[in-house]
Amino acid sequence: MKFTAEQIAGILEGEVVGNPNAEVSRLSKIEEGEEGSLTFLANPKYINYIYTTKASVTIVNDSFVPEQEITTTLIKVEDAYASFSKLLQFYNQVKLNKNGIEAQSFMSEGTKYGENLYLGSFSYIGQNVVLGTNVKIYPNSFIGDNVVIGDNVYIFAGAKIYSETVIGNNCTIHSGTIIGADGFGFVPDEEGVYSKVPQIGNVIIEDNVDIGANTTIDRATLGSTIIRKGVKLDNQIQIAHNVEIGKNTVIAAQSGVAGSTKIGENCMIGGQVGIAGHLIIGNNVRLQAQSGVARNIKDDEILQGTPSLGYTDFNKSYVHFKNLPKIVSELDELKKQIINPKNGNNG
């Protein structure tokens, strides 16, 4: 799809300096710009590239005044970075705006769906499913029975949504994600043989949630596993049964939350963090990468390490840890002097 500089300026409320009919069909970095591409200049460190870029159109701040001859058409805006971000969102919406039901997909009778549905090939829609407006389900996806999905939801290729799951509006679920699989519930008998505890709850995902690729969210044993509004989950995260994650909390890749733990609002959890089960994590908590959490955490705490310590205490302790061989050597020397004072300096 091609756009002219004039059309782009209209979207961004900018001013064209150069050829208003210059056409672009792709985006690029300014140093890698080629004919037919659109780029931007926001960081002064890259200003030299605007004189050499081959990009057809470049978005710049309206304060920019070229000091040399340039060949690229300029679109002047108040904030080049913000405008380029806006354009990325627009471009993504156009790119992802697929419609229609492709061949070799399956939809059970009685499925209810709104306008602008896209259902990719080899996807399966179970019984009594309700899909909102502008739902996009990419190929090889599975939607189980009695699932309810809101408006403006993107489910990318290969995602699996088990039965009874409820998904709100404006959510994105990336490839390979599995929502609603059984929680890890087993009970041993007297001989140590494990029997499965039926997992009959569901998963509820509220509005404006993003879930990265290959993340798993287990259904509750009873009740619901709940992901509140605005939560952002990275790739390869495990959320166990009956967990609740408060609104606007973000969790980085490869982290795991064990069953029945409640995480508060506006928390930031780094990569590879492990959180034990049946804990309460407060609001505005910060957990640094690779922390191991085995206790309840109050609001506003910042923790690091395994077992996790206060962030400041951890850093102070780490200084001593690095110097531990030296400290041990000094202690050994002091012990020798105490046991055999003749070896000391009696001068």
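Rounding to the nearest 0.5 Å gives a distance of 12.0 Å between CD1 of I211 and CD1 of I178. With rounding to the nearest 0.5 angstrom, the CZ atom of F184 is 9.0 Å from the NZ atom of K196. Note that the CD1 atom of I205 and the CD1 atom of I239 stand 10.5 Å from one another [nearest 0.5 Å]. For the atom pair CD1 of I155 and CD1 of I143, the computed distance is 4.0 Å after rounding to the nearest 0.5 Å. From T249, atom OG1 reaches atom CG of L233 across 9.5 Å, with rounding to the nearest 0.5 Å. To the nearest 0.5 angstrom, I50 atom CD1 is 5.0 Å from I30 atom CD1.
Around CE of M268, the count of heavy atoms belonging to other residues, nucleotides or ligands within 6.0 Å does not exceed 12. Crowding of Y81 atom OH: a count of heavy atoms from other residues, nucleotides or ligands under 6.0 Å not exceeding 12. The environment of CD in E330 is crowded: more than 12 heavy-atom neighbours from other residues, nucleotides or ligands sit within 6.0 Å. Within a 6.0 Å sphere centred on CD of E35, heavy atoms belonging to other residues, nucleotides or ligands number 12 at most. Atom CD of E31 has more than 12 heavy atoms from other residues, nucleotides or ligands within 6.0 Å. No more than 12 heavy-atom neighbours from other residues, nucleotides or ligands sit within 6.0 angstrom of CD on Q127.
Residues T215 and D234 have side chains not in contact (no heavy-atom distance under 4.5 Å, counting atoms from C-beta outward). A heavy-atom distance below 4.5 Å is found between the side chains of V17 and K76. By the 4.5 Å heavy-atom criterion applied to side chains, I275 and I269 are counted as neighbours. Taking the side chain as every heavy atom from C-beta outward, R219 and D182 approach each other to under 4.5 Å. Using a 4.5 Å heavy-atom threshold, the side chains of N134 and D151 count as separate. In this structure, the side chains of E102 and Q104 stay at 4.5 Å or more apart for every pair of heavy atoms. Residues L38 and L87 are in side-chain contact: their nearest non-hydrogen atoms beyond the backbone lie under 4.5 Å apart.
Of all non-hydrogen atoms in N21 and N19, the two that sit nearest each other are N-OD1, 2.9 Å. Shown here for G230 and V209, the closest heavy-atom pair between the two residues is N-CG2, 4.1 Å. Minimum interatomic distance between V16 and A9 (heavy atoms only, all atoms of both residues): CG2-CB, 3.6 Å.
Remark: the backbone N or O of Q290 is not paired with any side-chain donor or acceptor of Q272 at under 3.5 angstrom. Of the possible donor and acceptor atoms, none in the side chain of T221 sits under 3.5 Å from a partner among the backbone N and O of G201. No donor-acceptor pair under 3.5 Å is formed between the side chain of K86 and the backbone N or O of L12. With hydrogens and angles ignored, the 3.5 Å screen pairs no side-chain donor or acceptor of T225 with any backbone N or O of H241. In this structure, K160 contributes its side chain and G158 its backbone to a donor-acceptor pair below 3.5 Å. N170 places no side-chain N or O within donor-acceptor distance of the main-chain N or O of D207, the cut-off being under 3.5 Å. N296 places a side-chain N or O within 3.5 Å of a backbone atom of I280 that can act as its donor or acceptor partner. At least one donor-acceptor pair closer than 3.5 Å links the side chain of N283 to the backbone N or O of E265. Formation of a donor-acceptor pair under 3.5 Å by the N284 side chain with backbone atoms of D299 is not found in this model. Between the side chain of S56 and the backbone N or O of T73 there is no donor-acceptor pair closer than 3.5 Å.
R295 and E301 are joined by a salt bridge, as a carboxylate oxygen and a charged side-chain nitrogen come within less than 4.0 angstrom of each other.
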Requested in this report: Go through V273 and Q254 one step at a time and tell me if the side-chain contact (heavy atoms from CB on, under 4.5 Å) criterion holds.
Outcome: CA-CA 7 Å; V273 168; Q254 298 182 351; over 6 Å; no
Report task. Apply the test side chain to side chain donor-acceptor pair (under 3.5 Å) to residues T53 and T72: give CA-CA distance (whole Å), side-chain angles for both, the deciding distance (0.1 Å), then the verdict. Result -> CA-CA 7 Å; T53 187; T72 183; over 6 Å; no
Query - Audit row: I161, I173, side-chain contact (heavy atoms from CB on, under 4.5 Å) steps and yes/no - result: CA-CA 10 Å; I161 314 296; I173 298 167; 4.2 Å; yes
Report task. Report the C-alpha separation of V257 and I281 in whole Å, then their side-chain angles, then the decisive distance to 0.1 Å, and conclude whether the side-chain contact (heavy atoms from CB on, under 4.5 Å) test is met. Result -> CA-CA 11 Å; V257 184; I281 310 298; over 6 Å; no
Query - Derivation of the side-chain contact (heavy atoms from CB on, under 4.5 Å) call for I101 and M107 - result: CA-CA 9 Å; I101 299 174; M107 181 184 292; 3.9 Å; yes
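Following chains of ILVMFWY side-chain contacts shorter than 4.5 Å, one can reach V231 starting from V243, so the two form part of one hydrophobic cluster. V24 and L88 end up in the same hydrophobic cluster when Ile, Leu, Val, Met, Phe, Trp and Tyr side chains are linked at under 4.5 Å. Y113 and I125 fall within a single hydrophobic cluster, where Ile, Leu, Val, Met, Phe, Trp and Tyr are joined by side-chain heavy atoms under 4.5 Å apart, directly or via other members. Residues I149 and V203 share a single hydrophobic cluster, defined by chaining ILVMFWY side chains whose heavy atoms lie under 4.5 Å apart. The hydrophobic clustering, which links ILVMFWY residues whose side-chain heavy atoms are closer than 4.5 Å, places Y49 and L74 together.
Residue pairs that meet the salt bridge (charged side-chain N to carboxylate O under 4.0 Å, His left out) test with at least one member in residues 240-251, sequence neighbours left out, are R228-E244. Screening residues 128-147 for ring-ring contact (aromatic ring centres under 6.0 Å, His included), with sequence neighbours left out, gives Y118-Y138, Y124-F142, Y138-F156.
Contacts of S37 classified as side chain to side chain donor-acceptor pair (under 3.5 Å), with partners at least two apart in sequence or in another chain: S28. Under the rule for a ring pair (Phe, Tyr, Trp, His ring centres under 6.0 Å), Y194 has no partner lying at least two apart in sequence or in another chain. F64 meets the ring pair (Phe, Tyr, Trp, His ring centres under 6.0 Å) test with no other residue; sequence neighbours excluded.
For D218 and Q238, the side-chain atoms include at least one donor-acceptor pair closer than 3.5 Å.
Among T165, N202, N128, the one residue that satisfies the side-chain hydrogen bond (donor to acceptor under 3.5 Å, both in side chains) test with N146 is N128.
Members clustered with V197: V187, by chain and number, using a 4.5 Å side-chain heavy-atom cutoff among hydrophobic residues.
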